[in-house]
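Numbering starts at 1 and runs along the sequence shown. Every value quoted in this text rests on a predicted model; they were computed, and no experiment measured them.
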Amino acid sequence: MERHLQFVAFLRRLDRKALAELRRSLAFDPGTYPRVFPYVEPFISRESERRSFYLLAGLFALHPDGGGSLGTDSGSATRKRTSLGEVVAQLYAQRDRSRSIEQRFITLLDADQDQLPHRLRQMISLLKAEQIPVDWGQLLGDLLYWASERRTVQQRWARDFYRVSEPATSAATEKEGGS
């Protein structure tokens, strides 16, 4: 099993006290809150991963019930991974294609490494409010490549968001035209 999926499986087994500490860590820069070191450090093999693992741990603690079976080791090798773009498209649809959701998503896509924790925390809170699950394993994998010069993660999220949300627009247009 991939290390980032092992990490998510580990997070799922934590008790309420540990999750509370991880949530508290969101008030600090990722990787700087010492009380969560024991939960995250064993999974970090490269310094470049540190921020991503700590951010994911805090976000997971914010919405731990949001993953259902997503991001666990059971069947993950054969199951299609779900990007945050697809998940936010579900939120967008549930909120009647709210322009503010789309704007928040675009702002998230434009976030640099320093802005990312705040923007993601906002988005995960919105997903939690609607009880929309997050594929934590996929999100961690994406966070590890967020700073890529080619911005491939951001491009994939945008494609996934508009691919999922676009059919609703096409169906509405056809319905209006057929009336």
Side-chain angles (χ1 to χ4, degrees), residues 4-5 7-27 30 36 52-76 79-112 115-146 153-176:
H4 65 276
L5 295 179
F7 181 59
V8 172
F10 168 77
L11 292 174
R12 290 192 185 291
R13 294 188 302 269
L14 292 176
D15 63 19
R16 290 177 54 174
K17 181 182 176 193
L19 291 174
E21 289 291 355
L22 290 171
R23 273 191 306 278
R24 237 177 258 119
S25 76
L26 289 171
V36 298
S52 298
F53 273 78
Y54 277 96
L55 177 56
L56 189 279
L59 294 171
F60 175 88
L62 185 63
H63 186 30
D65 296 328
S69 63
L70 299 177
T72 63
D73 56 344
S74 59
S76 62
R79 181 182 67 68
K80 178 193 174 293
R81 307 303 305 181
T82 305
S83 81
L84 197 67
E86 293 175 77
V87 174
V88 174
Q90 293 173 33
L91 173 67
Y92 183 60
Q94 284 187 16
R95 296 267 179 108
D96 296 323
R97 302 177 59 77
S98 167
R99 178 85 173 123
S100 70
I101 298 297
E102 183 179 20
Q103 282 306 120
R104 284 176 188 256
F105 180 66
I106 291 169
T107 301
L108 172 60
L109 292 177
D110 194 37
D112 62 24
Q115 299 164 333
L116 187 60
H118 175 70
R119 302 284 183 232
L120 267 176
R121 187 170 55 243
Q122 288 179 331
M123 192 59 72
I124 297 300
S125 293
L126 290 170
L127 294 168
K128 178 182 180 180
E130 296 293 331
Q131 298 179 332
I132 297 173
V134 174
D135 185 333
W136 296 109
Q138 180 64 49
L139 181 56
L140 179 54
D142 289 347
L143 291 177
L144 292 170
Y145 293 98
W146 186 262
V153 170
Q154 294 88 332
Q155 291 172 16
R156 183 169 33 82
W157 285 10
R159 266 193 318 275
D160 292 345
F161 176 84
Y162 288 107
R163 185 177 303 132
V164 170
S165 62
E166 190 58 36
T169 303
S170 300
T173 305
E174 289 173 17
K175 190 175 183 179
E176 289 172 8

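Residues Arg104 and Leu108 are not in side-chain contact: their nearest non-hydrogen atoms beyond the backbone lie 4.5 Å or more apart. Side chains of Glu102 and Phe161 form a contact here, defined as non-hydrogen atoms less than 4.5 Å apart. Contact check for Val153 versus Leu144: no side-chain heavy atoms found under the 4.5 Å cut-off. Looking at Asp135 and Val87, their side chains never come closer than 4.5 Å, going by heavy atoms from C-beta outward. Between Phe7 and Leu56 there is a side-chain heavy-atom pair separated by less than 4.5 Å. A heavy-atom distance below 4.5 Å is not found between the side chains of Leu84 and Asp160.
The shortest non-hydrogen separation linking Leu19 to Ala61 is O-CB, 3.2 Å. Heavy-atom minimum distance, Ser25 versus Gly58: OG-CA, 4.1 Å. Heavy-atom minimum distance, Ser83 versus Trp157: CB-CD1, 3.8 Å. The shortest non-hydrogen separation linking Arg119 to Ala111 is CG-CB, 3.9 Å. Taking every heavy atom of both residues into account, Gln138 and Thr82 meet most closely at CG-O, 3.5 Å.
For the residue pair Gln154/Tyr145, the side-chain donor-acceptor check at 3.5 Å is not satisfied. No hydrogens or angles considered: nothing links the side chains of Gln155 and Arg159 as a donor-acceptor pair under 3.5 Å. A donor-acceptor pair shorter than 3.5 Å cannot be found between the side chains of Asp112 and Trp146.
For Phe105 and Tyr92, the distance between ring centers is not under 6.0 angstrom.
Looking at Arg23, its side chain never comes within 3.5 Å of a backbone N or O of Leu62 through a donor-acceptor pair. Under the 3.5 Å distance criterion, the side-chain polar atoms of His63 are left unmatched by any main-chain donor or acceptor of Leu126. Remark: side-chain polar atoms of Asp96 are not paired, donor with acceptor, to backbone N or O of Ser98 under 3.5 angstrom. The closest donor-acceptor contact from the side chain of Glu130 to the backbone of Leu127 lies at 3.5 Å or more, if one exists at all.
Rounding to the nearest 0.5 Å places CD1 of Ile101 at 10.0 Å from CD of Gln94. Atom-to-atom distance recorded for Arg81:CZ and Leu139:CG is 10.5 Å, nearest 0.5 angstrom. Rounding to the nearest 0.5 angstrom, the gap separating the CE atom in Met123 from the OG1 atom in Thr107 is 8.5 Å.
Leu11 pairs in a side-chain contact (heavy atoms from CB on, under 4.5 Å) with only one of the listed residues (Leu59, Leu22, Leu140), which is Leu22.
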- Leu143 and Leu116: CA distance, side-chain angles, deciding distance, side-chain contact (heavy atoms from CB on, under 4.5 Å) verdict: CA-CA 9 Å; Leu143 291 177; Leu116 187 60; 3.8 Å; yes

- Task: Determine, step by step, whether Asp142 and Arg156 satisfy the salt bridge (Lys or Arg N to Asp or Glu O under 4.0 Å) criterion, reporting the C-alpha distance in whole Å, the side-chain angles of both residues, the deciding distance to 0.1 Å, and the verdict.
- Result: CA-CA 10 Å; Asp142 289 347; Arg156 183 169 33 82; 2.5 Å; yes

